[in-house]
Amino acid sequence: MSVELQNHVAFETVLQHLDSGVLLFDSRGNICFTNQEMTRLLETSEEVLIGCSLLKLFRDQRIRRDFRSHMVHITKHMLRRKIQTYELVETNRHWLITRTNIKELDGYCLLTIKDVSQYKEVEQTAFAQDKLAMLGQIAAAIAHEIRNPLTAIRGFIQLLRPYLKAVGKEEYSRIILAEIDRANDIIVEFLDSSKPTKPEKTCIPIRLLLKDVVMLAESEALMRGCEIRFSEQGILDSKVSIDVKQMKQVILNLVKNAMDAICDSGKEEPGMIDLSLENEGEQLQIIIRDNGKGMNKLSLKRLFDPFYTTKATGTGIGLSVSERIIKNHGGSISVDSQLGLGTEFIISLPKATG
Ligand SMILES: Nc1ncnc2c1ncn2[C@@H]1O[C@H](COP(=O)(O)OP(=O)(O)O)[C@@H](O)[C@H]1O
Ligand SMILES: [Mg+2]
């Protein structure tokens with residue numbers, strides 16, 4: 001074999017094994033080369049492709065219908081806008097399609113297609129983390145800014161105390177101080193948890209945690225015309241290893257969102273928030289279901305995004321922080337909702353071992 005021929009065979013073998021799909025069109029617009037990845041992607045054979053023009057490909061029954069309509073769309077798009085690259089997005093998959101006119105081969109055109117789903121995933125995760133990091137910084141700044149004036153108010157109230165006492169109103173200062181302390185606690189608890197702190201875990205039966213949350217939320221629920229029901233059935237003493245404060249905040253957030261959804265629904269029927277627990281192999285599931293207004297597809301897609309809110313006075317922080325806390329516990333959260341009917345959140349947490 002001549003050196004030239006050897007090289008030719010080597011190049012062709014390399015092209016055959018590329019991880020991108022390749023179609024080379026000659027100057028008449030017919031395919032003169034394709035590789036294994038492309039035949040795999042199109043679920044067809046080299047014999048079908050070689051010698052075909054794009055027009056023929058669009059009509060060839062041996063190629064899957066949805067592929068053909070993709071090809072028509074992409075070709076139109078690339079030709080009309082004279083663009084060289086195109087991103088095709090299918091459920092969970094991203095393809096990058098590139099068209100190159102080869103100068104050295106006058107009139108030849110190379111079309112490559114590459115699966116870039118993995119890069120996209122990395123890009124999206126980086127983007128989400130960036131947003132969360134920003135949220136953490138803003139939260140820390142707000143916490144700092146609010147706590148300073150509170151400290152000043154606290155100091156001045158203490159100074160005023162003797163005067164209040166003189167007019168028989170010492171009780172007022174006690175109330176103000178207690179309320180300031182409470183506000184401070186809430187800020188610290190709520191905003192600190194948006195920083196990526198490591199949970200301080202203790203091992204407790206999950207039902208105790210839910211009982212506490214029900215107790216904390218019950219009076220607000222009553223005022224807002226909702227009933228919280230907690231069925232303890234089945235799982236009595238299954239334990240989880242959690243940061244109790246953080247996880248309480250998570251469930252309280254979800255219960256409060258449920259109350260909001262119920263109040264906004266404008267329904268006649270009584271508002272119900274059902275909390276329940278389920279065993280799921282190595283995981284324990286906390287299920288929070290409401291019969292509120294439900295969500296549309298956009299909300300369902302974005303509700304865990306920092307700052308995403310549909311409420312006039314919402315912050316959009318609750319669910320993004322909750323998701324992070326749950327992830328820090330090695331768990332996950334999922335949601336299912338039907339517009340007008342209600343919503344169900346499921347938190348899965350690993351059971352404590354031993
Ligand atoms: N139980 C629910 N029912 C309907 N929509 C909900 C529910 N929980 C959350 N959402 C939607 O998700 C959005 C984000 O929630 P969240 O992060 O807690 O922020 P906020 O409560 O401040 O709006 C809400 O504005 C709402 O549109
Ligand atoms: Mg909320």
Side-chain angles (χ1 to χ4, degrees), residues 127-139 142-143 146 183 186-187 189-196 210 213-214 216-218 220-230 245-277 285-329 331-348:
F127 180 63
Q129 277 179 353
D130 214 38
K131 265 172 119 183
L132 278 176
M134 193 177 76
L135 171 68
Q137 282 167 8
I138 294 174
I142 294 175
I146 297 182
I186 294 170
I187 293 165
E189 195 173 329
F190 184 74
L191 293 177
D192 270 4
S193 62
S194 61
K195 285 193 244 159
L210 288 201
V213 172
V214 174
L216 282 169
E218 225 159 24
E220 184 177 345
L222 208 67
M223 279 193 314
R224 303 180 70 182
C226 316
E227 188 187 338
I228 305 180
R229 297 185 295 200
F230 172 37
K245 255 188 174 178
Q246 290 187 0
M247 203 49 77
K248 231 186 236 179
Q249 183 203 330
V250 167
I251 301 170
L252 212 52
N253 269 341
L254 292 175
V255 170
K256 286 196 170 158
N257 278 345
M259 288 186 212
D260 292 341
I262 288 169
C263 290
D264 284 351
S265 74
K267 287 187 200 167
E268 289 288 307
E269 62 184 296
M272 291 292 178
I273 301 169
D274 284 303
L275 303 184
S276 54
L277 291 169
Q285 293 188 331
I286 307 168
I287 301 161
I288 297 130
R289 192 180 300 129
D290 68 67
N291 62 349
K293 66 174 182 168
M295 279 175 252
N296 59 20
K297 286 221 170 80
L298 176 72
S299 287
L300 257 180
K301 220 173 125 190
R302 298 203 44 204
L303 79 173
F304 292 109
D305 285 358
F307 309 121
Y308 177 77
T309 180
T310 54
K311 301 169 194 169
T313 55
T315 59
I317 290 178
L319 285 179
S320 63
V321 170
S322 301
E323 187 187 33
R324 184 208 293 248
I325 292 175
I326 293 164
K327 280 195 177 151
N328 278 347
H329 280 80
S332 63
I333 178 165
S334 66
V335 54
D336 191 16
S337 181
Q338 273 185 302
L339 197 59
L341 290 179
T343 303
E344 179 181 271
F345 282 90
I346 300 180
I347 302 173
S348 296

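Just so you know, ligand 1 is whichever comes first in the structure, and atom 1 is the first atom listed for that ligand.
- Of all the heavy atoms of L319, the ones lying under 4.0 Å from any atom of ligand 1 are found in both the backbone and the side chain.
- Considering only non-hydrogen protein atoms, atom 18 (O) of ligand 1 sits nearest to N257 ND2, 2.8 Å.
- The shortest non-hydrogen separation linking L341 to K267 is O-NZ, 3.3 Å.
- Atoms of ligand 1 lying under 4.0 Å from at least one heavy atom of T309, given by number and element, are 20 (P), 22 (O), 23 (O), 25 (O).
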| query | Where do V255 and L216 land on the side-chain contact (heavy atoms from CB on, under 4.5 Å) test, with the steps shown first? | reply | CA-CA 10 Å; V255 170; L216 282 169; over 6 Å; no
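- With hydrogens left out, the protein atom closest to atom 12 (O) of ligand 1 is L303 CB, 3.6 Å, a heavy atom.
- Under the 4.0 Å criterion applied to side-chain N and carboxylate O atoms, R224 and D260 are assigned as salt-bridge partners.
- If you check which protein heavy atom lies closest to atom 25 (O) of ligand 1, you get T310 N, 2.9 Å.
- Using a 4.0 Å cutoff on heavy atoms, N253 does not count as a contact of ligand 1.
- Atom numbering of ligand 1 starts at 1 in the shown order; those under 4.0 Å from a heavy atom of G318 are 17 (O), 18 (O).
- The part of F345 lying near ligand 1 is the side chain, judged by heavy-atom distances below 4.0 Å.
- A side-chain contact (heavy atoms from CB on, under 4.5 Å) with T343 holds for exactly one of L300, V335, D336, L303; it is V335.
- Nearest protein heavy-atom contact of atom 21 (O) of ligand 1 is K311 NZ, 2.7 Å.
- Residue contact check: A261 has heavy atoms under 4.0 Å from atoms 2 (C), 3 (N), 4 (C) of ligand 1.
- When each of L252, I251, N253 is checked for a side-chain contact (heavy atoms from CB on, under 4.5 Å) with Q249, only N253 meets the rule.
- Summary of contacts: the protein heavy atom closest to atom 14 (C) of ligand 1 is Y308 O, 3.2 Å.
- Checking N253 against the Mg ion (ligand 2), every N/O/S atom stays at or beyond the 2.8 Å cut-off.
- Listed here is the closest heavy atom pair of C226 and I273: CB-CD1, 4.3 Å.
- Selection from R302, M295, E344 by nearest heavy atom to atom 11 (C) of ligand 1 gives M295.
- Counting heavy atoms from C-beta on, the side chains of L254 and L319 come closer than 4.5 Å.
- Counting heavy atoms from C-beta outward, F345 and N257 have side chains that stay 4.5 Å or more apart.
- In this structure, G294 is part of the shell of residues with a heavy atom less than 4.0 angstrom from ligand 1.
- Using a distance-only test at 3.5 Å, with no hydrogens or angles considered, a donor-acceptor pair links the side chain of S320 to the main chain of I317.
- Ranking the protein heavy atoms by distance from atom 1 (N) of ligand 1 puts D290 OD2, 2.9 Å first.
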| request: Kindly determine whether I287 and L275 satisfy side-chain contact (heavy atoms from CB on, under 4.5 Å), including the steps that lead there. | output: CA-CA 6 Å; I287 301 161; L275 303 184; over 6 Å; no
